[in-house]
Structures are given as structure tokens and as C-alpha cells.
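Note that this is a predicted model, so its numbers are computed, not measured.
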Amino acid sequence: VDDLAWMAGQWTSEADGRWTEESWTAPRGGMMLGHSRSGRGDVLREFEFLRIAAGHDGVPAYLAQPQGRAPVAFRLVRHDKASATFENEAHDYPQRIAYVRTGDTLTATISAIDGSKPRSWTYRRR
């Protein structure tokens with residue numbers, strides 16, 4: 001989990017009246033905590049609780065709770081100094097969650113396991 005410290009911070013994306021915010025704590029105690037919310041104007045459309053923690057086998061997993069529902073785990077399959085990819089082939093959609101950081105820009109992309117149906121958000125550090 002410590003290798004993913006580059007994700008920590010408050011990130012925001014705004015375009016055409018729509019906004020998305022995502023925040024991550026620095027790793028501590030083997031875990032990163034996060035949340036996201038998005039909307040249009042003053043109206044909240046979606047929110048999600050997030051965490052990254054080592055699974056039973058020691059491999060980090062991204063646990064997502066959209067709208068506060070039960071967590072879905074995505075196992076870390078690859079990472080380097082500024083990117084991380086998590087996958088769960090058994091999940092309907094998304095099956096892959098990828099983050100890439102370039103300076104003060106963080107791009108999050110969700111997709112099917114083969115990379116089809118991609119949807120991306122590009123955030124700037126707040």
C-alpha cells in the first residue's frame with residue numbers, strides 16, 4: 001500500500017457544469033482511505049467510499065462502495081512509481097480501475113477487463 005502514496009491528495013475535475021472530486025489519505029497502518037462524489041451545479045449525483053488495503057494474501061486491493069453499498073474488491077495487478085491497475089474479472093462493470101499520475105494531474109479510468117467501454121476522469125490537485 002505504501003507504494004501507492006502518490007495517489008494521496010484532494011483531486012477535482014470540472015467541465016460543462018459537472019464536477020467530480022476524489023480524495024485519498026496517505027498510507028498509514030497499511031491502508032489508504034478515500035471517497036469521491038460527483039454532481040452538476042449544487043446537486044449531488046453519486047458518491048463512493050473507497051479504501052486500499054492488503055488482502056489476506058498481502059496483495060493490495062481497491063475496495064469500492066458506490067452509493068455506500070457493500071464493498072467490491074479489485075486486486076492490484078500492476079503498478080509503478082505513478083500508475084496502478086486493479087482488476088476484478090468477476091464483477092459486471094467496471095472490471096478494471098486504473099490510475100495514472102503526471103505531476104499535479106491524476107487520471108482515473110474504469111473499463112471492462114479487455115479495456116473496452118472505457119470511462120475516464122482527469123483530476124487536478126486542489
Task: Any donor-acceptor N/O pair, Asp16 side chain to Arg18 backbone, under 3.5 Å - done: no
TODO: Sequence neighbours left out, what passes side-chain hydrogen bond (donor to acceptor under 3.5 Å, both in side chains) with Ser120? Give chain and number order.
DONE: Thr109
Open item on the list: Quick check for you: to the nearest 0.5 Å, what is the distance between Thr25 atom OG1 and Arg51 atom CZ?
Closed with: 12.0 Å
Task: Other residues, nucleotides, ligands: >12 heavy atoms within 6.0 Å of Arg40 CZ - done: yes
TODO: May I ask you to say whether Glu21 pairs ionically with Arg126, meaning some side-chain N is under 4.0 Å from a carboxylate O?
DONE: yes
- [ ] Taking the side chain as every heavy atom from C-beta outward, state whether Pro27 and Asp2 have any atom pair closer than 4.5 Å.
- [x] yes
Task: Pi-cation contact, Trp11 with Arg124 (under 6.0 Å, within 45°) - done: no
Task: Check against side chain to side chain contact (heavy atoms under 4.5 Å, CB included), Leu106 and Tyr99 - done: CA-CA 7 Å; Leu106 181 70; Tyr99 285 88; 4.0 Å; yes
Task: Set of ring pair (Phe, Tyr, Trp, His ring centres under 6.0 Å) partners for Phe49, sequence neighbours left out - done: Phe47
Open item on the list: Using the rule that Ile, Leu, Val, Met, Phe, Trp and Tyr join whenever any side-chain heavy atoms are under 4.5 Å apart, tell me whether Leu76 and Ile52 fall into a single cluster.
Closed with: yes
Task: Partner residues of Arg75 under the side-chain hydrogen bond (donor to acceptor under 3.5 Å, both in side chains) criterion, sequence neighbours left out - done: Asp57
- [ ] Taking all heavy atoms of Gln95 and all of Glu89, pick out the closest pair and write down the distance.
- [x] NE2-O, 2.9 Å
Open item on the list: Measuring only between side-chain heavy atoms, which start at C-beta, is Gln67 closer than 4.5 Å to Glu48?
Closed with: no
TODO: Report yes or no: does Arg96 contribute a side-chain atom to a donor-acceptor pair with the main-chain N or O of Ile110 at less than 3.5 Å?
DONE: no
TODO: Determine yes or no for a side-chain-to-main-chain donor-acceptor pair under 3.5 angstrom, with Tyr62 supplying the side chain and Val72 the backbone.
DONE: no
- [ ] Calculate, to the nearest 0.5 Å, the distance between atoms CD and CE belonging to Glu22 and Met7 respectively.
- [x] 6.5 Å
Task: Contact summary for Val43 and Trp19, nearest pair of heavy atoms - done: O-CZ2, 4.0 Å
TODO: Looking only at non-hydrogen atoms, find the nearest pair between Thr85 and Ala98 and report the distance.
DONE: OG1-CB, 3.9 Å
Task: Straight-line distance of Leu50 CG to Leu33 CG, nearest 0.5 Å - done: 9.5 Å
TODO: Answer yes or no: is there a side-chain heavy-atom contact under 4.5 Å between Thr105 and Thr122?
DONE: yes
Task: Taking every non-hydrogen atom, the tightest pair across Ser38 and Leu44 - done: O-CD1, 3.4 Å
- [ ] State, with a plain yes or no, whether a side-chain heavy atom of Arg119 is found less than 4.5 Å away from one of Tyr93.
- [x] yes
Task: Arg101 (side chain) donor-acceptor with Gly103 (main chain) under 3.5 angstrom - done: yes
Task: Nearest non-hydrogen partners of Met32 and Ala8, listed with the distance - done: CE-N, 4.0 Å
Open item on the list: Just checking Phe86 against Phe74, ring centres under 6.0 Å apart?
Closed with: no
- [ ] Determine whether Val59 and Met31 fall in the same hydrophobic cluster, where Ile, Leu, Val, Met, Phe, Trp and Tyr are linked whenever their side-chain heavy atoms lie under 4.5 Å apart.
- [x] no
- [ ] Specify the closest pair of heavy atoms between Gly115 and Pro118, including all atoms of both residues, with the distance to one decimal.
- [x] O-CD, 3.6 Å
TODO: Count the heavy atoms belonging to other residues, nucleotides or ligands that lie under 6.0 Å from CZ of Arg37, then report whether that count exceeds 12.
DONE: no
Task: Side chain to side chain, Ser111 and Lys117, heavy atoms closer than 4.5 Å - done: no
TODO: State yes or no: are the ring centers of Tyr123 and Trp24 separated by less than 6.0 Å?
DONE: no
